[in-house]
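Note sheet for the following structure.
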Amino acid sequence: MAQLKANNKISGAIGNVVFRTVNGKQIIQSKSRPIQQSDATKISGSEFRQCSQWAKILLNGYFSFLAGMTDSYIHGRLTAAIYKAILHNTTVPKGERTPQNSDMSYLNGFEMNTNSLFTSYFLPEITVTPTAENQIRVSIAPFEAKSAITFPPETTHVDLLLYAMATNFDTNAQIIQSHLLLPITKNQSLPETEWIVPAPPLGYLSTINAKLLFYQPNALTGRTDINTKQLSPAIIVSAKNE
């Protein structure tokens, strides 16, 4: 209901018209209407929120692997990457799409720290293939560390950490994990590396991940770690449903 004030200004609403006074001036505007969301919009919003939960579960599985050394936006970026995979699933109705029934290879190459891209620090290709026994083979061709790895200044040592992590996105179930640590010095020639990982059960998302841990030998403590939130290259090499 509109009212005439003592200053001869109208305040309130008549039908769909709203009267307001701003800085002494009479303002007339139409009444805003509530936004009506379609069912499709509601489902899409629900799927995106679910992707955020799935990203959180994945990051919990990466807790020890990442050790908090990521960029500040990793959760949002991982949520968007999972949502992209979900959106490409056109065979399952919206609202029923999950990482288990979608092609999660869209996570392949996901950089876990945009401050220091793994692909900028480690040039050799890491390949992931199935074995005849339904296991996972992780292979790296021979390489010269000095030309294939970008070492920080005054740093001559690095560990290449390969980490296998699988989850069925059930918060009550344990993740399945294993790792391989490959010590490397700057002047070293590395032979071919092969790592065989047991395949997780059906219904699990299997990921193979890699990270560089730079350090310098220390006579007292054994080593001085170099990695920080700004320098900690890590990547999802492969993501695949079993």
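Values below: all heavy atoms of this structure, side chains included; hydrogens, waters and symmetry mates excluded.
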For Phe214, does its backbone N or O pair with a side-chain atom of Asn227 as donor and acceptor, under 3.5 Å? yes
To the closest 0.5 Å, what do you measure between CZ (Phe48) and CD1 (Ile82)? 10.0 Å
Going hydrophobic residue to hydrophobic residue with side-chain gaps under 4.5 angstrom, can you get from Met112 over to Ile149? no
Which pair of heavy atoms, one from Ala239 and one from Asn108, lies closest together, and at what distance? N-OD1, 2.8 Å
Exercise: identify the closest heavy-atom pair between Ile184 and Ala145: CG2-CB, 3.6 Å
Check whether Leu180 and Val158 end up in the same hydrophobic cluster, where Ile, Leu, Val, Met, Phe, Trp and Tyr are linked by side-chain heavy atoms less than 4.5 Å apart. yes
Please say whether more than 12 non-hydrogen atoms of neighbouring residues, nucleotides or ligands are located less than 6.0 Å from CD in Glu125. no
Less than 4.5 Å apart, any side-chain heavy atom of Asn209 and any of Phe65? yes
To the closest 0.5 Å, what do you measure between CG (Leu58) and CG (Leu205)? 6.0 Å
Between Leu190 and Gln188, does the side-chain contact (heavy atoms from CB on, under 4.5 Å) criterion hold? Intermediate values first, please. CA-CA 6 Å; Leu190 276 295; Gln188 187 177 355; 3.7 Å; yes
Output for pair (Asn60 CG, Ile175 CD1), nearest 0.5 Å, gives 8.5 Å
Any side-chain to backbone donor/acceptor pair from Arg97 onto Asn89? Under 3.5 Å, distance only. yes
Are Tyr83 and Leu87 packed together at the side-chain level, in the sense that at least one heavy-atom pair is separated by less than 4.5 angstrom? yes
Can you find a heavy atom in the side chain of Val138 that is under 4.5 Å from one in the side chain of Leu162? yes
When the ring planes of Tyr215 and His157 are compared, do they come out parallel, tilted or perpendicular, using 30° and 60° as the limits? tilted
Would you call Asp159 and Lys211 a salt bridge, using N to O less than 4.0 angstrom? no
Do Thr221 side-chain atoms and Arg223 backbone N/O form a donor-acceptor pair below 3.5 Å? yes
Connected via hydrophobic side-chain network under 4.5 Å: Trp54 and Leu107: yes
Report the distance from atom CG of Leu78 to atom CD1 of Ile57, rounding to the nearest 0.5 Å. 11.0 Å
Among all residues two or more places apart in sequence or in another chain, which pass the ring-ring contact (aromatic ring centres under 6.0 Å, His included) test with His179? none
Quick one: are Pro191 and Pro142 in side-chain contact, heavy atoms under 4.5 Å? no
Before giving the answer on side-chain contact (heavy atoms from CB on, under 4.5 Å), spell out for Leu66 and Ile74 the whole-Å C-alpha distance, their side-chain angles and the decisive distance to 0.1 Å. CA-CA 11 Å; Leu66 294 174; Ile74 186 171; 4.1 Å; yes
Report yes or no: does Asn241 contribute a side-chain atom to a donor-acceptor pair with the main-chain N or O of Pro99 at less than 3.5 Å? yes
So, the side chain of Lys229 versus the backbone of Thr70: is there a donor-acceptor pair under 3.5 Å, distance only? yes
Of all heavy-atom pairs between Glu111 and Arg77, which one has the smallest distance, and what is that distance? O-NH2, 2.8 Å
Please lay out, stage by stage, how Met104 and Lys240 fare under the test side-chain contact (heavy atoms from CB on, under 4.5 Å). CA-CA 6 Å; Met104 298 309 292; Lys240 183 177 181 296; over 6 Å; no
Hey, could you give me the CG/CG distance between Leu161 and Leu213, rounded to the nearest 0.5 Å? 5.5 Å
Do Val197 and Ser178 have side chains that approach each other closer than 4.5 Å (heavy atoms only, starting at C-beta)? yes
Between Asn168 and Pro201, is there a donor-acceptor pair closer than 3.5 Å when you use the side chain of the first and the backbone of the second? no
Polar side-chain atom of Thr155 near backbone of Phe151 as donor-acceptor pair, under 3.5 Å: no
Let me know which of Cys51, Ser52, Ser46 forms a side-chain contact (heavy atoms from CB on, under 4.5 Å) with Arg49. Ser46
Heavy atoms of other groups near Glu192 CD, more than 12 under 6.0 Å: yes
Do Ile196 and Ile126 share a hydrophobic cluster, counting only Ile, Leu, Val, Met, Phe, Trp and Tyr and linking them when any side-chain heavy atoms are less than 4.5 Å apart? no
Taking all heavy atoms of Pro130 and all of Arg137, pick out the closest pair and write down the distance. O-NH1, 3.9 Å
Got a sec, which residues hit ring-ring contact (aromatic ring centres under 6.0 Å, His included) with Phe118, two or more places apart in sequence or on another chain? Phe122
Determine whether Tyr163 and Thr207 satisfy the following criterion, side chain to side chain donor-acceptor pair (under 3.5 Å), listing intermediate values before the conclusion. CA-CA 8 Å; Tyr163 177 63; Thr207 68; over 6 Å; no
Residues Ser189, Glu144; criterion side chain to side chain donor-acceptor pair (under 3.5 Å); working and verdict: CA-CA 5 Å; Ser189 298; Glu144 299 292 328; 2.6 Å; yes
Do Asn187 and Thr185 pass the side chain to side chain donor-acceptor pair (under 3.5 Å) test, and can you show the C-alpha distance, the side-chain angles, and the key distance before you say yes or no? CA-CA 6 Å; Asn187 294 318; Thr185 57; over 6 Å; no
Please evaluate residues Ser139 and Thr193 with respect to the criterion side-chain contact (heavy atoms from CB on, under 4.5 Å), reporting the C-alpha separation (whole Å), side-chain torsions for both, the decisive distance (0.1 Å), and the verdict. CA-CA 6 Å; Ser139 304; Thr193 300; over 6 Å; no
Determine the minimum heavy-atom distance between Ser116 and Ser232, stating which atoms define it. OG-N, 2.9 Å
Flag the pair Glu47 and Lys94 as a salt bridge only when some basic side-chain nitrogen lies within less than 4.0 angstrom of an acidic carboxylate oxygen. no
All heavy atoms of Ser147 vs all of Leu123, minimum pair found to be O-CD1, 3.8 Å
Side-chain contact, heavy-atom cut-off 4.5 Å: Thr131 with Ile136? no
Flag yes if Val237 and Phe110 sit in one hydrophobic cluster, no otherwise; membership is Ile, Leu, Val, Met, Phe, Trp, Tyr, and two members link when side-chain heavy atoms are under 4.5 Å apart. no
CG/Asn115 to CG/Leu231 distance, rounded to the nearest 0.5 angstrom? 9.5 Å
